[in-house]
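Working notes, structure below.
Numbering starts at 1 and runs along the sequence shown.
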Amino acid sequence: MDGSVEDMRAFVEQAQAQQVYVTVAADILSLALLTPPGEWGANAVVGSTQRFGIPMGFGGPHAAYFATEEKFKRLIPGRIIGVSVDAQGQPALRMALQTREQHIRREKATSNICTAQALLATMAGMYAAWHGPKGIRAIAERIHTHTQLLEKGLTKLGFQQINEYYFDTLSIKVDEGRKALIQSLSDTQAVNFYYTTDSVQITLDETTRPEDVHRILGVFADTMDKNAPELETVEGIKFPSTLIRESEYLTHPVFNSYHTETKMMRYIKRLENKDLSLMHSMIPLGSCTMKLNAATELIPVTWHEFSNMHPFAPAAQTQGYAKIISELEAYLAEITGFTACSLQPNSGAQGEFAGLLTIRAYHEANDDTHRNIALIPDSAHGTNPASAVMAGMKVVVVKCNEQGDIDLDDLREKAEQHSNNLAALMITYPSTHGVFETRIKEICALIHEHGGKVYMDGANMNAQVGLTSPGIIGADVCHLNLHKTFSIPHGGGGPGVGPICVNDSLAPFLPKHPLAETGGEKGIPAVSAAPFGSASILLISYAYIKLLGREGVTAATKAAILNANYIRARLQGAYNILFTGEMGHSAHELIVDLRPFKSVASAEDVAKRLIDYGFHAPTLSWPVAGTIMIEPTESESKDELDRFCDAMLAIRKEMDEIANGNADSESNVLHNAPHTLALVTQDEWTLPYSREKAAFPLAYLREGYKFWASVGRLNNAAGDRNLVCTCPPISSYESV
């Protein structure tokens, strides 16, 4: 932790001799110079990619990395890339399926990995692509050189530098008096150091210039009433030869091809053209709330005053952030009907975990350490049971009835059965089926009668804001997906933020942090590295609430519910809409049952065909297999909703054509979707329908709404068999 570089080979060998696996946390930039852990025996290597061009942002967001040996590839939490082929035999990258124990063996689920940091990973990847292996090494060498220059100067002044070997961090031994003087003088020079009981630690980075090194030396020189020494020259790398990296890295062509701004700009644009985003059309993913991310909300994230703030800067230097964080916590607490809020969790799944830890801490504080049963409906998102298991609880699954609501009889039976050990009920409201359960207060009261707490999953909060709240229904804690309800972009899978809000009983247990004043007086340990999680993107949600105000956020909720019910009304009759509640209405999302059409087309066929109509597929086969879940959000206008409904109704007619024999039962527009530009423009057309029917089934597509998928229908099994970790050129998979 003090920045020293040590040879860990002997330790790793001893551990592995005892059949102990070794995970190494490594600074990824340092590995341009240091022998990578995988070469000296580590089984897994983890760390942050912040060093690859990502602003500090008062704590984030930053993308982590996780690398492991080939033998563990099927155990990696989350998704990795597989190489498949499409229907035309062209190679294509796809996300490979991992062990989905979340949805299969819920009582034993352990992976609550949900939101990734895909946008930040893309930024870090582009940083590596821009600089390439030579550039990355040059940056690392420059940092290391400046650090050596600083050490030489400090030694000349008479200070003792503790680290024998280092990359970018020095640890200078000082007594209390000298430390206080350094701290006082550094403040006058606008320089921050890190202070331990008997040392001052200094880390340099690629932005450090020779004049910065001289300024730091000036602070230390002033404490000795001396002049700062002139910078000397240093040669080479200050590691033992056994620790110096010899192997190549970043050998893929993408890291060696785009080193001019024009080439990089065009490369990024080519990649962008492959993505169907909100720039093209509505993304109707149910339970994902793909809503407008307004430019006004996003701009402050780029401002220097926010993006370049260190998460552990002195409190006197972070008053602006403190005010925004305090106000946002208050807004979210008021919206949820609760007392207090923690912004620390970095994703919805992490929010679940943190919320359950507060419940566990509450029971422990009341000497109810035996309370470890979590009741979870079988419709819940898979991260719910995984979070419960991670929090040390045992999962008991509760049935749902035909209407999609919690089966109250089954809940009552299991609450009574486990009354002495009941810790919590995890519910989603509106339910995962897109319905406001009318007996929700009765459900919460039942759990409280048996000594448990109610955790409400806030994934569907976009249907509650301003109309009801977790506090009103009787929950004790909820997490919020700021990347859903409160307008932070999804970024292809992140950044996500999952703060938790709690009532009076759980407020004392909100997560603390060892380096910042936050959390409750009996708070659980930190759940994130930074005290306020991905702090810089909290600005987006703060602006969202400020811009809309009380009336605006309520109007957004009403519009989201109205839009979902408009789609329901237009599609009803052509399709069966599941779970419409006692009043015959949906909440903010709806489930379309495609199982009646399985003899002619699958839910996947409909999802792929929607791409031909210019729309991203809805959520497929969850929470009910053979269905699609649609959530339009409040951001979409009536004409966009009508375009989507027109597409769905046209697809219904295409299914009818197959059913009545007017279309081939095997080779038809649904089974062959999506139709790529390459397919439609090839010289020979052998399909039993026209090119126009394939690519332009409705007139609006010729008015600028057409999106061409880069690849056709994928072979999923091939993608699962051919996992890619180091991403060789796609051409090398032409024979897959």
* To do: Mark yes or no for whether Glu589, through its side chain, and Ser287, through its backbone, hold a donor-acceptor pair below 3.5 Å.
  => yes
* Pair Lys638 + Asp642, salt bridge at N-O below 4.0 Å -> yes
* Which pair of non-hydrogen atoms, one from Gly466 and one from Thr554, has the smallest distance, and what is that distance? -> CA-OG1, 3.3 Å
* Asked: Can you tell me if Ser281 uses its side chain to pair, donor with acceptor, with the backbone of Gly614 under 3.5 Å?
  -> yes
* Asked: Which residues satisfy the ring pair (Phe, Tyr, Trp, His ring centres under 6.0 Å) test with Phe615, sequence neighbours excluded?
  -> Phe644
* Quick one: CG on Asn481 to CD1 on Ile488, what's the gap to the nearest 0.5 Å? -> 10.0 Å
* Asked: Is it true that the side chains of Asn563 and His588 contain a donor and an acceptor less than 3.5 Å apart?
  -> no
* To do: Working to the nearest 0.5 Å, report the span between CD1 of Ile28 and OH of Tyr65.
  => 5.5 Å
* Structure fact -> Between the NZ atom in Lys522 and the OG1 atom in Thr358, the distance rounded to the nearest 0.5 Å is 13.5 Å
* To do: Step through it carefully: locate the ring centre of His513, locate the ring centre of Phe312, and say whether they are under 6.0 Å apart.
  => yes
* To do: Please name all residues satisfying ring pair (Phe, Tyr, Trp, His ring centres under 6.0 Å) with Tyr705, sequence neighbours left out, ordered by chain then number.
  => Tyr700
* What pairs meet the ring pair (Phe, Tyr, Trp, His ring centres under 6.0 Å) rule with one or both residues in residues 321-345, with sequence neighbours excluded? -> Phe58-Tyr321, Phe306-Tyr321
* To do: Only pairs at least two apart or in different chains count here, so list each ring pair (Phe, Tyr, Trp, His ring centres under 6.0 Å) that has a residue in residues 540-560.
  => none
* Asked: Considering all heavy atoms of both residues, which atom of Glu206 and which atom of Arg51 are nearest to each other, and what is their separation?
  -> OE2-O, 3.9 Å
* Hey, are Thr339 and Asp504 close enough side-chain-wise for a donor-acceptor pair under 3.5 Å? -> yes
* Asked: Ser277 side chain to Met279 main-chain N or O, any donor-acceptor pair under 3.5 Å?
  -> yes
* To do: Identify the heavy atoms of Ala607 and Leu620 that sit nearest to each other, and give their distance.
  => CB-CD1, 4.3 Å
* To do: Just jot down the ring pair (Phe, Tyr, Trp, His ring centres under 6.0 Å) partners of Phe509, sequence neighbours excluded, or say none.
  => none
* Structure fact -> One should read off an interatomic distance between Glu297 CD and Ile540 CD1, to the nearest 0.5 angstrom, of 7.5 Å
* Asked: Rounded to the nearest 0.5 Å, what separation is found between the CD atom of Gln50 and the CG atom of Asp205?
  -> 8.0 Å
* Taking all atoms of both residues into account, what is the closest heavy-atom pair of Gly491 and Ala118, and its distance? -> O-CB, 3.4 Å
* **Atom pair SG (Cys341) and CD1 (Ile325), whose distance is rounded to the nearest 0.5 Å** => 10.5 Å
* Asked: Is the backbone N or O of Asn462 less than 3.5 Å from a side-chain atom of Thr485, with the two atoms forming a donor-acceptor pair by type?
  -> yes
* For the residue pair Pro61 and Ile54, what are the closest heavy atoms and their distance? -> O-CG2, 3.6 Å
* Among Glu636, Glu634, Glu631, which one satisfies side-chain hydrogen bond (donor to acceptor under 3.5 Å, both in side chains) with Lys291? -> Glu634
* For Pro385 and Ile376, work out which heavy atoms get closest and say how close. => CA-CD1, 3.5 Å
* His433: what forms a ring pair (Phe, Tyr, Trp, His ring centres under 6.0 Å) with it, not counting sequence neighbours? -> Phe579
